[in-house]
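These notes are about the structure you will find just below.
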Protein chains: 2
Amino acid sequence: MIRVVIVDDHALVRAGLAELLEGDSEIEVVATAANGEEAVDLATREEPDVVLMDLSMPGMGGAEATRKLLASGTEARVVVLTSLSARERILDALDAGAIGYLLKDADPDELVRGVHAAARGESPLSPRAAHEVLAARTDQRPAVNLSAREREVLQLVGEGLPNKLIARRLEISEKTVKAHLTQVFAELGVTDRTQAALWLERNGLPESS
Amino acid sequence: MIRVVIVDDHALVRAGLAELLEGDSEIEVVATAANGEEAVDLATREEPDVVLMDLSMPGMGGAEATRKLLASGTEARVVVLTSLSARERILDALDAGAIGYLLKDADPDELVRGVHAAARGESPLSPRAAHEVLAARTDQRPAVNLSAREREVLQLVGEGLPNKLIARRLEISEKTVKAHLTQVFAELGVTDRTQAALWLERNGLPESS
DNA sequence: GCCTCCCTCCCCCGCGCGGGAATGGCGACT
DNA sequence: AGTCGCCATTCCCGCGCGGGGGAGGGAGGC
């Protein structure tokens with residue numbers, strides 16, 4: 001039997017997926033978790049073979065949960081289960097150690113096959129997701145190297161503050177703010193603060209390097 | 001038998017919900033739809049007793065689909081099935097004629113009971129949703145009355161365009177764009193285009209009426 | 001030592017942007 | 001028919017914003 005843990009913040013989705021998977025004679029859903037903390041806890045206790053992990057969860061997100069879960073020494077294979085509409089960071093989850101990813105609007109058969117594949121140590125990769133991930137990767141800014149100060153300024157732009165208030169908040173002169181912004185715009189490939197704010201809203205604050 | 005149609009843009013969610021509902025001996029899932037257009041089409045042809053309607057769908061949203069569906073003369077009871085995390089406009093769907101709403105993280109039992117209740121003409125109202133809906137109502141901007149032109153301008157601001165390009169796109173003068181924006185800013189309670197773009201990104205384009 | 005990167009600040013310049021006030025048109029209501 | 005209100009349009013004015021270029025000092029790497 002393939003022992004499966006389902007992680008999703010919606011109880012109905014958990015129950016529905018469990019029903020789907022239980023329909024397969026070799027799959028047993030041993031537990032479900034509603035958030036990242038529960039997932040880490042359950043995965044260490046239940047020792048599942050496969051963890052189906054939703055990415056969009058309140059609190060600890062799916063990527064972070066994946067990282068902690070794998071760090072805890074479990075041998076479970078983590079499969080990301082996500083929708084494309086909410087442009088989630090599939091790549092983050094894969095970087096965190098997820099073995100594969102499936103789309104929430106995949107065929108039920110595909111889900112079952114994916115679980116089997118993951119249990120065998122293979123990578124279930126939804127072809128349609130692969131395309132999107134590839135697109136996201138090329139879309140990904142390869143050189144979003146922002147200094148600490150530049151990130152701070154960008155963050156405040158993302159709160160809708162004008163330069164004068166940003167300067168006051170950071171206790172620097174307005175000229176310096178503008179200098180930083182010029183650099184930020186160039187780095188993000190945008191032309192003004194509005195586009196920068198939208199970039200931030202969609203892509204999130206870039207990593208600290 | 002209670003004839004049910006499930007509308008959700010994720011195939012896995014559709015299949016999962018169908019499995020859950022088929023577990024009840026009095027419920028029969030006669031069809032599923034992936035978007036609003038399909039939903040209207042199927043509901044008129046299958047004559048279901050209950051339609052489970054997800055709100056967040058690409059293209060025609062759940063609220064609009066509900067409206068068209070009911071306008072087509074069906075006797076189906078529409079029950080909104082939504083998650084709270086994406087602050088969807090449950091009220092819009094209820095205004096459109098939905099008989100009740102359930103949360104995606106409700107108990108599976110609650111879903112089954114909700115379908116039975118809706119089939120009897122009762123309103124299944126998730127108590128937890130009720131609380132949130134109430135909170136959303138106070139949170140709701142009471143006066144986001146934008147004219148068609150103002151919405152167009154706002155949308156283009158949300159794409160990061162400067163006034164000159166917005167003017168060219170709408171084939172009006174730049175002065176007019178700015179005048180519209182002044183009105184939009186006042187209506188949204190923001191002070192500049194950056195905040196307006198962020199408002200749009202978070203709250204979405206306000207309804208047409 | 002030297003070099004590079006980052007943070008800080010300055011100059012000037014020109015355009016973009018938002019506020020205020022005013023006009024004509026069009027439909028709704030009386 | 002009159003008139004009230006909303007919408008789209010235009011003008012001027014002053015500040016905000018972004019580009020270009022430069023410059024000093026401090027931290028870390030070679």
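Residue numbering restarts at 1 for every chain, and letters A, B, ... go by the order of the sequence lines. Side chains included, hydrogens not; waters and symmetry mates left out as well; all remaining heavy atoms used.
By the side chain to side chain contact (heavy atoms under 4.5 Å, CB included) test, A:Glu150 is found to be paired with A:Leu146, A:Ser147, A:His180, A:Gln183, A:Val184, residues two or more places apart in sequence or in another chain being considered. Applying the side chain to side chain contact (heavy atoms under 4.5 Å, CB included) test to B:Ala179 and every residue at least two apart in sequence or in another chain returns nothing. With sequence neighbours left out, the side-chain hydrogen bond (donor to acceptor under 3.5 Å, both in side chains) criterion links A:Thr182 to no other residue. Every side chain to side chain contact (heavy atoms under 4.5 Å, CB included) that A:Glu152 has, sequence neighbours left out, goes to A:Arg149, A:Leu170. A search for salt bridge (Lys or Arg N to Asp or Glu O under 4.0 Å) contacts involving A:Glu38 returns nothing, not counting sequence neighbours.
With a 4.5 Å cut-off on side-chain heavy atoms, B:Ile27 and B:His116 count as touching. With contacts defined as side-chain heavy-atom distances shorter than 4.5 Å, the pair B:Leu200/B:Val157 does not qualify.
Contact between the side-chain N/O atoms of B:Ser147 and the OP1/OP2 oxygens of D:dC6 is not found at any separation under 4.0 Å.
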Side-chain donor-acceptor contacts of residues 43-52 of chain A below 3.5 Å, not counting sequence neighbours, with atom names and distances?
{"residue": "A:Thr44", "atom": "OG1", "partner": "A:Val40", "partner atom": "O", "Å": "3.3"}
{"residue": "A:Thr44", "atom": "OG1", "partner": "A:Asp41", "partner atom": "O", "Å": "2.7"}
{"residue": "A:Arg45", "atom": "NH2", "partner": "A:Asp41", "partner atom": "OD2", "Å": "3.4"}
{"residue": "A:Glu46", "atom": "OE1", "partner": "A:Arg3", "partner atom": "NH2", "Å": "3.3"}
{"residue": "A:Asp49", "atom": "OD2", "partner": "A:Arg3", "partner atom": "N", "Å": "2.7"}

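Every pair passing side chain to side chain donor-acceptor pair (under 3.5 Å) that includes a residue from residues 162-173 of chain A is listed here, sequence neighbours excluded: A:Asn163-A:Arg193, A:Ser173-A:Thr176.
Between B:Asp192 and B:Gln183, the one whose closest nucleotide on DNA chain D sits nearer the 5' end is B:Gln183.
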Would you tabulate the nitrogen or oxygen pairs shorter than 3.5 Å linking the protein to nucleotides 23-30 of chain D?
none

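One axis for each end of the helix from C:dG1-D:dC30 to C:dT30-D:dA1, each built from five base pairs, and the angle between them comes to 40° at 10° resolution.
Using a 4.0 Å cut-off on heavy atoms, none of the residues of residues 163-170 of chain B approach DNA chain D. Contact check of residues 172-182 of chain A against DNA chain C (heavy atom, cut-off under 4.0 Å) returns A:Ile172, A:Ser173, A:Lys175, A:Thr176, A:Ala179, A:His180.
On the nucleic acid side, DNA chain C contacts chain B at distances under 4.0 Å to non-hydrogen atoms, with the end points of that region at C:dG16 to C:dG19.
Nucleotide D:dT9 holds its C1' atom 13 Å from the CD atom of B:Glu150, rounded to whole Å.
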